[in-house]
> 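Provided herewith is a single structure, encoded as structure tokens, for subsequent inquiry.
The analysis underlying the following values was restricted to heavy atoms, covering all of them including side chains, and did not include hydrogens, waters or symmetry mates.
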Amino acid sequence: MRAAVLYENNEIRAEQVEQAACGADEVRIKVMAAGICGSDIHKMQTRWKYPLPAVMGHEFSGVIVEKGADVVHVEVGSRVAGIPLVPCGKCEYCQAGEFSLCEDYRMVGSHFYGAFAENVVMKATNVIDIGDMDFEEGAMLEPLAVAMHGVLGIKPELGDTVVVFGIGTIGILVVQCLQLAGVKDIIAVDISDGKLAEARKFGCRYTINPREDNLAEKVLEYTGGRGADIALECAGSKVTQEQCLRVTKKKGKIGYLGIAYADVLLPEEAFENIFRRELTLKGFWNSYSAPFPGEEWTTSIAFVNQGRIQLKPLISHRYKVEEVGDAFAMILGREEDYNKVMILPQEE
């Protein structure tokens, strides 16, 4: 089969590879769409720690074309999304249903071949039916479930005001989940005017570009001098990770969804806000709960199929498997704005 194979940091090329055998408890999925995740970019550049050569891709959907002898709950021809986390099922966190915290998990596209390929083999327990959902939407269920995990975990209350830092794919998905949760006002923060314009299209009442305006002053202005009830950090930037502590009201809540790629050193004032304002800080990792894969996934599928969450408008670029290198070059070159970049492995 054709696949985009990673050999070393930043060295990726399309070629023929031998496809994996389908085990008794596994299924083979014909991949129809696969998204590039921000973590793929960082891992490919400097942080790859898994076996090489590798085939990345953990956000995907497709059609089951083969199933193992022991598989009974899904059928050939089913339209499914892949659930990339394979928990061990044995550690204390798995036993408690906290699969995101599994101590010995494996991931599709990291520990074994992923979806930047014509097909992928995985455990039958790691697929979920998407019904008639568009395949590109199905490939975005994984990042949507990540956003849903954070919003469900931070527990916004009806009428809250929330600041969302970072208006990329996860940020916009968080915005949509917050609206469904009954949040009154959403304040979008980003250094890209283009992304802030996108935020307004998705219903954010206020937008702030910290390069042009004083962030803390603007948040106080928009909240009647109180500060935000909740701040959600989706950018994975040490700057925004600290700014959350400055804009959240007393007794407010802060949720961290973005990955830290550098040391976060806190100024005295920002750190003191944690205890002087008695802030609640929560981290959100992955997108799973019990029963596996959890309400994050089932709720996401329901809202998308009901038309209450929009995914297609977030797709900015589409590439074939042979063009995966070009896709990463575009992203790393930062010569044009992009949002979700989709890989379409099947020939038209």
Side-chain angles (χ1 to χ4, degrees), residues 2-6 9-15 29-45 54-62 81-82 84 108-109 114-120 130 133-147 166-176 188 190-202 234-237 258-259 261 300 304 309-348:
R2 295 291 288 175
V5 183
L6 177 68
N9 289 347
N10 288 331
E11 183 187 341
I12 187 168
R13 57 181 182 264
E15 59 188 38
I29 301 169
K30 179 181 178 182
V31 180
M32 301 304 294
I36 293 180
C37 176
S39 66
D40 292 331
I41 300 161
H42 288 281
K43 286 188 293 187
M44 186 190 75
Q45 283 184 286
V55 176
M56 294 189 293
H58 62 270
E59 304 175 0
F60 66 97
S61 69
V108 176
F116 295 161
E118 291 179 313
N119 67 70
V120 61
I130 62 173
M133 188 184 300
D134 180 273
F135 284 118
E136 290 185 347
E137 292 177 324
M140 292 188 67
L141 283 173
E142 195 275 344
L144 175 55
V146 169
I167 308 301
T169 299
I170 297 295
I172 287 292
L173 295 175
V174 163
V175 165
Q176 295 189 66
D190 205 289
I191 58 175
S192 165
D193 289 332
K195 290 185 176 181
L196 293 177
E198 191 78 359
R200 289 189 289 272
K201 291 180 183 177
F202 278 91
C234 306
S237 161
I259 298 172
Y261 290 108
S300 294
V304 173
I309 289 180
Q310 302 299 313
L311 299 177
K312 293 278 279 191
L314 299 180
I315 301 172
S316 61
H317 294 73
R318 295 170 174 86
Y319 294 86
K320 299 177 181 178
V321 165
E322 286 76 14
E323 301 169 327
V324 169
D326 296 333
F328 278 101
M330 182 277 295
I331 293 168
L332 295 172
R334 298 185 178 274
E335 295 179 356
E336 55 186 289
D337 286 338
Y338 67 91
N339 203 328
K340 177 53 66 178
V341 178
M342 199 65 65
I343 306 302
L344 306 176
Q346 306 303 322
E347 295 292 337
E348 296 181 358

> What pair of heavy atoms forms the shortest contact from E15 to R13, and how long is it?
OE1-NE, 3.4 Å
> Taking the side chain as everything from C-beta on, heavy atoms only, tell me whether E137 gets closer than 4.5 Å to L144.
no
> If you round to the nearest 0.5 Å, how far is OG of S61 from CE of M140?
11.0 Å
> Is it the case that over 12 heavy atoms from other parts of the model lie below 6.0 angstrom from the CG atom of D337?
no
> From K312 NZ over to E136 CD, what is the distance, rounded to the nearest 0.5 angstrom?
3.5 Å
> At their closest point, which heavy atom of A117 faces which heavy atom of V31, and how far apart are they?
O-CB, 3.5 Å
> Treating Q176 as the side-chain partner and F202 as the backbone partner, does any N or O pair qualify as donor plus acceptor under 3.5 Å?
no
> Determine the minimum heavy-atom distance between G35 and D40, stating which atoms define it.
O-OD2, 4.2 Å
> Please check if the side chain of K340 supplies one atom and the backbone of I36 the other of a donor-acceptor pair under 3.5 Å.
yes
> Would one find more than 12 heavy atoms of other residues, nucleotides or ligands at under 6.0 Å from atom NZ of K201?
no
> Quick check: do M330 and V341 have side-chain heavy atoms less than 4.5 Å from each other?
yes
> Rounded to the nearest 0.5 Å, how far apart are CD1 of I343 and NE2 of H317?
11.0 Å
> Could you check if a side-chain atom of E118 sits within less than 4.5 angstrom of a side-chain atom of K30, using non-hydrogen atoms only?
no
> With sequence neighbours left out, what residues match R200 under salt bridge (charged side-chain N to carboxylate O under 4.0 Å, His left out)?
none
> Check A147 against L173 and note the closest heavy-atom contact, atom names and distance.
CB-CB, 3.7 Å
> Are H58 and S39 side-chain neighbours, meaning at least one heavy-atom pair lies under 4.5 Å?
yes
> Flag the pair K195 / I172 as yes when at least one side-chain heavy-atom distance between them is below 4.5 Å, and no otherwise.
no
> For N339, does its backbone N or O pair with a side-chain atom of S316 as donor and acceptor, under 3.5 Å?
yes
> Would you mind reporting whether M56 and V324 have side-chain heavy atoms less than 4.5 Å apart?
no
> Mind running side chain to side chain contact (heavy atoms under 4.5 Å, CB included) on L332 and M44 for me, showing each step along the way?
CA-CA 11 Å; L332 295 172; M44 186 190 75; 4.0 Å; yes
> Take K320 and R2 through the side chain to side chain contact (heavy atoms under 4.5 Å, CB included) test and state the conclusion after the steps.
CA-CA 10 Å; K320 299 177 181 178; R2 295 291 288 175; over 6 Å; no
> Looking only at heavy atoms, which two atoms of G325 and I12 are closest? And how far apart?
CA-CG2, 3.9 Å
> I need the F116 CZ to Y319 OH distance, nearest 0.5 Å.
12.5 Å
> Give, for atom CD1 of I130 and atom OG of S300, the distance between the pair rounded to the nearest 0.5 Å.
13.0 Å
> If you take all heavy atoms of E198 and P313, which pair is closest and at what distance?
OE2-O, 4.0 Å
> Out of curiosity, M342 CE to E59 CD, how far, rounded to the nearest 0.5 Å?
7.5 Å
